[in-house]
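These notes concern the structure reproduced below.
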Amino acid sequence: MNQGQYVFSQLVSHLDRNHFNYLARKYGGNKYVKHFSCWNQLLAMMFGQLSNRESLRDVVVALEAHHSKCKFLGIGSKPIAKTTLASANQNRDYRIFEDFAFHMMKEACEKRSTNLLDIPGKKYAFDSTTIPLCLSTFSWARFRRKKGGAKAHVLYDIEAQVPAFYTVTTASKHDSVEMSTIPYEPNAYYIFDRAYVSFKELYRIRLTDSFYVVIAKTILKYKIVKWKRRMPKNVLTDAEGKLTGYLSEKKYPELFRLVRYYDEEGEREFTFLTDAKHLNALEVAELYKKRWLVELFD
């Protein structure tokens, strides 16, 4: 029971403070600090995010309005000045909070893991979402001539339904470039849209003993070397092929599997590329279908 406890305090109780303190010591976040510690900073920014504050001034004003409760929220009893919060955000090592975010995401994945598909191994979907930014304020985020933006690239654990990894770039960066930042795990499945057809990175997944499922581009140059017969309903093609383009063949010299599937519900045809030769064609299609969970998360 959490009688008498604020909802914010209940949420904070799930955070691993010991690990956070370790990271603060590791990166020297609390060096020469008397009052406003890294932990106070984290909670203040969490409060602003959860209460939909739109600026640092907005966060400080909201905390001041609830000053008598801040002690019970864990933020501290002393008022927070806007300059104090701004200075902490600017000067403290971001890795304290980034490493802590990855630590909590890993814990969440382990605790929330379910079994959506009867296929052993973790299943991940990778996608990006564009965040519009004011170009006059964020000059580094130039996207188009008069527009600014950033991209959040998220690796989503499909079965735990929480992010497992993320990275942020300018919006002008192509999606497939960030595939190289993914920490691939052996015997895991990585599911991509057609924007991620990068044969160099797909072959890297192959070499790490992982598996990928990606939508093929219509301009793909390949030749079929082996066909499967007696295919299940809605599976139009299940074959092994080899790339014929000069550069693509150098980047991916092995055979890959090609599956064409007709989705009756959406009345659409999909062509998948994969190295998961141990799965049947319907399981490949079902894996890609679960990729839409990352779209709902975005």
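These figures come from a predicted structure and were not determined experimentally.
With Trp39 as the partner, the side-chain contact (heavy atoms from CB on, under 4.5 Å) test is satisfied by one option alone out of Leu15, Ile96, Asn30: Leu15. His153 pairs with exactly one of Thr129, Thr169, Thr167 by the side chain to side chain donor-acceptor pair (under 3.5 Å) rule, that one being Thr169.
Cluster membership for Leu50 and Met45, using ILVMFWY side-chain heavy atoms within less than 4.5 angstrom, is shared. The hydrophobic clustering, which links ILVMFWY residues whose side-chain heavy atoms are closer than 4.5 Å, places Leu56 and Phe47 together. Linking ILVMFWY side-chain heavy atoms closer than 4.5 Å, directly or via other members, places Phe126 and Ile131 in two distinct hydrophobic clusters. In the hydrophobic cluster analysis, where Ile, Leu, Val, Met, Phe, Trp and Tyr join through side-chain heavy atoms closer than 4.5 angstrom, Leu243 is grouped together with Leu207. Taking hydrophobic clusters as Ile, Leu, Val, Met, Phe, Trp and Tyr residues chained together by side-chain heavy-atom distances below 4.5 Å, Phe8 does not share a cluster with Val61.
A salt bridge does not link Glu98 with Arg95: none of the charged nitrogens is closer than 4.0 Å to a carboxylate oxygen.
When side chains are defined from C-beta on, Glu64 counts as touching Pro79, because their heavy atoms get closer than 4.5 Å. Residues Arg204 and Ser180 meet the side-chain proximity criterion, which asks for heavy atoms closer than 4.5 Å. Two residues are said to be in side-chain contact when any heavy atoms from C-beta on lie closer than 4.5 Å; Phe256 and Glu254 fail this criterion. Phe272 has its side chain within reach of Ile215: a pair of non-hydrogen atoms, C-beta onward, lies under 4.5 Å apart. Here the side chains of Asn89 and Gln41 are in contact, with some heavy-atom distance below 4.5 Å. Side-chain contact between Asp127 and Tyr156 is absent, with no heavy-atom pair separated by less than 4.5 Å. Using a 4.5 Å heavy-atom threshold, the side chains of Leu135 and Phe143 count as separate. Annotation: side chain of Glu240 is in contact with side chain of Lys277 (closest heavy-atom distance under 4.5 Å).
With hydrogens and angles disregarded, a donor-acceptor distance shorter than 3.5 Å links the side chain of Thr208 to the backbone of Ile205. For Arg92 (side chain) and Ser37 (main-chain N/O), a donor-acceptor pair under 3.5 Å exists by modelled atom type. Between the Arg257 side chain and the Ala276 main chain, a donor and an acceptor come within less than 3.5 Å of each other. A distance-only check finds no donor-acceptor pair linking the side chain of Asn40 to the backbone of Phe36 [under 3.5 Å].
Note: Arg194 CZ to Leu273 CG = 10.5 Å, rounded to the nearest 0.5 Å. Distance check, rounded to the nearest 0.5 Å: CD1 of Ile119 to CD of Glu286 gives 8.0 Å. Between the NZ atom in Lys290 and the OH atom in Tyr189 there is a gap of 15.5 Å [rounded to 0.5 Å]. One finds the CG atom of Leu23 at 11.0 Å from the CG atom of Asn18 (value rounded to the nearest 0.5 Å). With rounding to the nearest 0.5 Å, the separation of CG in Asp209 from CD in Glu185 is 13.0 Å. How far OG of Ser248 is from NZ of Lys200: 14.5 Å, rounded to the nearest 0.5 Å.
Counting all heavy atoms, side chain and backbone alike, Ala160 lies closest to Asp157 at N-OD1, 3.0 Å. Listed here is the closest heavy atom pair of His14 and Gln10: CD2-O, 3.1 Å. Nearest heavy atoms, Ser198 versus Met179: CB-SD, 4.1 Å. In terms of heavy-atom proximity, Ser51 sits nearest to Arg53 at O-NH2, 2.9 Å. Residues Ile191 and Leu287 approach most closely at CD1-O, 3.3 Å, considering heavy atoms. In terms of heavy atoms, Ser210 sits closest to Asp275 at O-OD2, 3.0 Å.
Ring orientation note: the planes of Phe199 and Tyr252 are nearly perpendicular, at an angle over 60° on the 30°/60° scale. Classification of the Phe102-Tyr166 ring pair by plane angle, with boundaries at 30° and 60°, yields tilted. The aromatic rings of Tyr124 and Tyr190 lie parallel to each other, with less than 30° between the two planes, well short of the 60° mark. Note: Phe100 and Phe20 have perpendicular aromatic rings, judged against thresholds of 30 and 60 degrees for the angle between ring planes.
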Kindly indicate, with the supporting measurements, whether the criterion salt bridge (charged side-chain N to carboxylate O under 4.0 Å, His left out) is fulfilled by Lys151 and Asp175.
-> CA-CA 9 Å; Lys151 265 186 185 176; Asp175 291 352; 2.7 Å; yes
Given the rule in the salt bridge (charged side-chain N to carboxylate O under 4.0 Å, His left out) test, do Glu159 and Lys122 qualify, once you have shown the distances and angles that lead to the verdict?
-> CA-CA 8 Å; Glu159 294 189 317; Lys122 290 192 172 183; over 6 Å; no
How far apart are the C-alpha atoms of Arg25 and Asn21, what are their side-chain angles, what is the distance that settles it, and do they pass the side-chain contact (heavy atoms from CB on, under 4.5 Å) test?
-> CA-CA 6 Å; Arg25 288 193 303 272; Asn21 290 339; 3.8 Å; yes
Give the C-alpha distance, both sets of side-chain angles, the deciding distance and a yes or no for side-chain contact (heavy atoms from CB on, under 4.5 Å) between Phe211 and Leu279.
-> CA-CA 11 Å; Phe211 308 101; Leu279 301 180; over 6 Å; no
Kindly determine whether Asp16 and Met104 satisfy side-chain contact (heavy atoms from CB on, under 4.5 Å), including the steps that lead there.
-> CA-CA 8 Å; Asp16 187 348; Met104 293 306 301; 4.2 Å; yes
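Around OH of Tyr22, the count of heavy atoms belonging to other residues, nucleotides or ligands within 6.0 Å does not exceed 12. The 12-atom threshold is not exceeded at NZ of Lys289, counting heavy atoms of other residues, nucleotides or ligands nearer than 6.0 Å.
Ser176 pairs by the side-chain hydrogen bond (donor to acceptor under 3.5 Å, both in side chains) definition with His174, not counting sequence neighbours.
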Per-pair distances, 0.1 Å, donor-acceptor, side chain in residues 217-235, under 3.5 Å, sequence neighbours excluded:
none

